[in-house]
Amino acid sequence: MADLEEIYQHFQNKLSSLQCMLDLSAADLPQQKIKKLGQEVLGLGRMLEEFEKCVDQQKEQLLQLKELEKLFQNYLESVQHMKDNFPAHIPKRKSPVKDNKPADNQPAWAEKTKKISRNFAKEMDYITTREYESIPHYMKGRVSYEQLNAVVEGINTAVAAKYKILCQPLKALNNHSRKLQQRFKDQETKDTRGQFFVVEEDMHEFTQMKVDKRFQGILNMLRQCQRLREVRGGGLVRYMLM
């Protein structure tokens with residue numbers, strides 16, 4: 001701003017000098033004065049041309065800055081959109097659990113206990129947004145992405161609690177936990193050896209989730225996404241993690 005004021009004042013002084021010379025031109029000015037007047041006019045003309053070039057350059061830079069501002073605004077809106085729609089759960093990739101089948105004469109729960117002691121318990125991966133969008137609408141209904149992953153979290157909670165009890169020595173458990181451990185062992189079959197599964201009773205035992213028609217619909221979606229499969233037998237439906 002100070003530079004512009006100085007330029008303005010400079011032009012004002014020049015114009016005042018020229019005006020003064022023009023006023024005196026009515027009189028008989030010496031040739032030298034007339035020559036100086038012409039030089040002043042030419043000098044102002046060249047200066048005005050330089051200023052016009054500078055103004056044109058500034059206009060071009062202003063247009064470029066506006067384009068850059070628009071580009072950054074688009075980036076900002078994209079980042080804000082990602083922030084507003086950031087999924088509550090980020091899927092994790094885990095090392096696959098080795099599926100070493102126990103010998104035929106070894107109880108299934110004994111092999112499971114060994115596996116748990118090394119790897120504790122397998123977890124179901126959270127559903128990605130892409131997987132959620134791929135679920136057929138008739139199957140998905142009104143179940144949101146967050147509600148679907150809430151069930152995944154509930155199943156993981158039940159699996160962790162179940163196999164924590166299963167791997168404990170009997171003397172370390174209270175009466176209720178001992179009964180649970182025996183029930184877990186009785187529910188094992190040859191198809192579940194070396195695998196992790198829960199039943200509806202486990203969901204009641206270890207979570208606050210309602211095992212109702214809506215829950216069954218979510219299980220169908222998890223099967224669609226290849227997160228679990230059903231193993232039936234002995235009047236039970238076992239939901240085995242894949």
Side-chain angles (χ1 to χ4, degrees), residues 74-101 108 112 115-116 119-166 180 183-184 186-242:
N74 291 337
Y75 283 144
L76 182 62
E77 291 175 359
S78 298
V79 172
Q80 186 64 43
H81 176 75
M82 288 188 286
K83 180 181 177 182
D84 295 340
N85 295 275
F86 198 76
H89 305 287
I90 302 297
K92 298 182 294 183
R93 292 297 178 186
K94 308 179 195 64
S95 300
V97 179
K98 293 182 179 179
D99 187 13
N100 297 323
K101 292 186 178 180
K112 184 69 66 63
K115 188 180 294 294
I116 295 165
N119 203 42
F120 186 51
K122 183 177 181 180
E123 285 189 349
M124 183 185 299
D125 288 340
Y126 288 108
I127 301 299
T128 65
T129 52
R130 181 176 296 182
E131 288 175 316
Y132 176 76
E133 294 298 331
S134 70
I135 299 173
H137 182 72
Y138 75 88
M139 184 182 295
K140 186 163 45 180
R142 295 184 178 180
V143 176
S144 68
Y145 173 77
E146 290 75 15
Q147 290 171 332
L148 179 57
N149 273 320
V151 173
V152 172
E153 187 171 352
I155 292 174
N156 285 337
T157 299
V159 169
K162 171 183 175 178
Y163 288 98
K164 181 178 180 180
I165 293 174
L166 193 57
L180 288 176
R183 173 167 68 81
F184 299 154
D186 293 340
Q187 291 171 351
E188 291 279 358
T189 69
K190 63 179 182 178
D191 295 324
T192 62
R193 287 178 180 175
Q195 304 297 325
F196 294 84
F197 71 92
V198 291
V199 298
E200 289 186 5
E201 196 172 355
D202 298 330
M203 300 302 297
H204 288 298
E205 180 72 31
F206 300 117
T207 72
Q208 301 296 320
M209 302 189 70
K210 293 182 179 180
V211 183
D212 51 14
K213 185 176 180 181
R214 179 175 171 275
F215 178 80
Q216 294 297 331
I218 292 177
L219 292 180
N220 289 335
M221 286 187 272
L222 294 177
R223 284 196 296 272
Q224 172 76 15
C225 296
Q226 298 183 350
R227 290 298 192 275
L228 57 78
R229 67 185 183 90
E230 291 184 359
V231 177
R232 297 175 180 268
L236 280 176
V237 180
R238 299 161 181 82
Y239 303 107
M240 189 165 68
L241 275 61
M242 297 178 64

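Please read all numbers here as calculations on a predicted model, not as lab measurements.
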[X] side-chain N/O to [Y] backbone N/O, donor-acceptor pair under 3.5 Å:
| X | Y | answer |
| --- | --- | --- |
| Lys122 | Met242 | yes |
| Asn149 | Ile127 | yes |
| Thr192 | Glu188 | no |
| Arg238 | Gln187 | yes |
| Lys140 | Ser134 | no |
| Gln147 | Ser144 | yes |

How long is the span from the [atom1] atom in [X] to the [atom2] atom in [Y], to the nearest 0.5 Å?
| X | Y | atom1 | atom2 | answer |
| --- | --- | --- | --- | --- |
| Met124 | Phe196 | CE | CZ | 12.5 Å |
| Glu146 | Leu148 | CD | CG | 9.5 Å |
| Gln208 | Thr157 | CD | OG1 | 11.0 Å |
| Arg130 | Cys225 | CZ | SG | 13.0 Å |
| Gln195 | Arg229 | CD | CZ | 7.0 Å |

Output yes when Glu131 and Arg227 qualify as a salt bridge under the 4.0 Å nitrogen-oxygen rule, no when they do not.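 Yes, charged N to carboxylate O under 4.0 Å.
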
Would you call Asp202 and Arg183 a salt bridge, using N to O less than 4.0 angstrom?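 Yes, this pair counts.
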
Centres of the Tyr145 and Tyr132 rings: under 6.0 Å?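 Yes; Tyr132 has its ring centre under 6.0 Å from that of Tyr145.
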
Partner set under salt bridge (charged side-chain N to carboxylate O under 4.0 Å, His left out) for Arg232, not counting sequence neighbours: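 Checked Arg232 against salt bridge (charged side-chain N to carboxylate O under 4.0 Å, His left out); matches are Glu230.
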
Tell me every residue that passes salt bridge (charged side-chain N to carboxylate O under 4.0 Å, His left out) with Glu205, counting only those two or more places apart in sequence or in another chain.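 Glu205: no salt bridge (charged side-chain N to carboxylate O under 4.0 Å, His left out) contacts found.
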
How are the rings of Phe184 and Phe206 set relative to one another: parallel (under 30°), tilted (30 to 60°) or perpendicular (over 60°)?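 Geometry flag for Phe206 against Phe184: tilted rings.
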
With the side chain counted from C-beta on, respond yes when [X] and [Y] share a heavy-atom pair under 4.5 Å apart, and no when they do not.
| X | Y | value |
| --- | --- | --- |
| Glu200 | Tyr239 | yes |
| Glu153 | Val151 | no |
| Met209 | Ile155 | no |
| Val152 | Leu222 | yes |

How close do Tyr163 and Phe197 get, counting heavy atoms only, and between which atoms?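 Minimum heavy-atom contact is OH-N, 3.0 Å.
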
Nearest heavy-atom neighbours spanning Val211 and Phe215: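 Of all heavy-atom pairs spanning Val211 and Phe215, the closest is CG1-CD2, 3.7 Å.
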
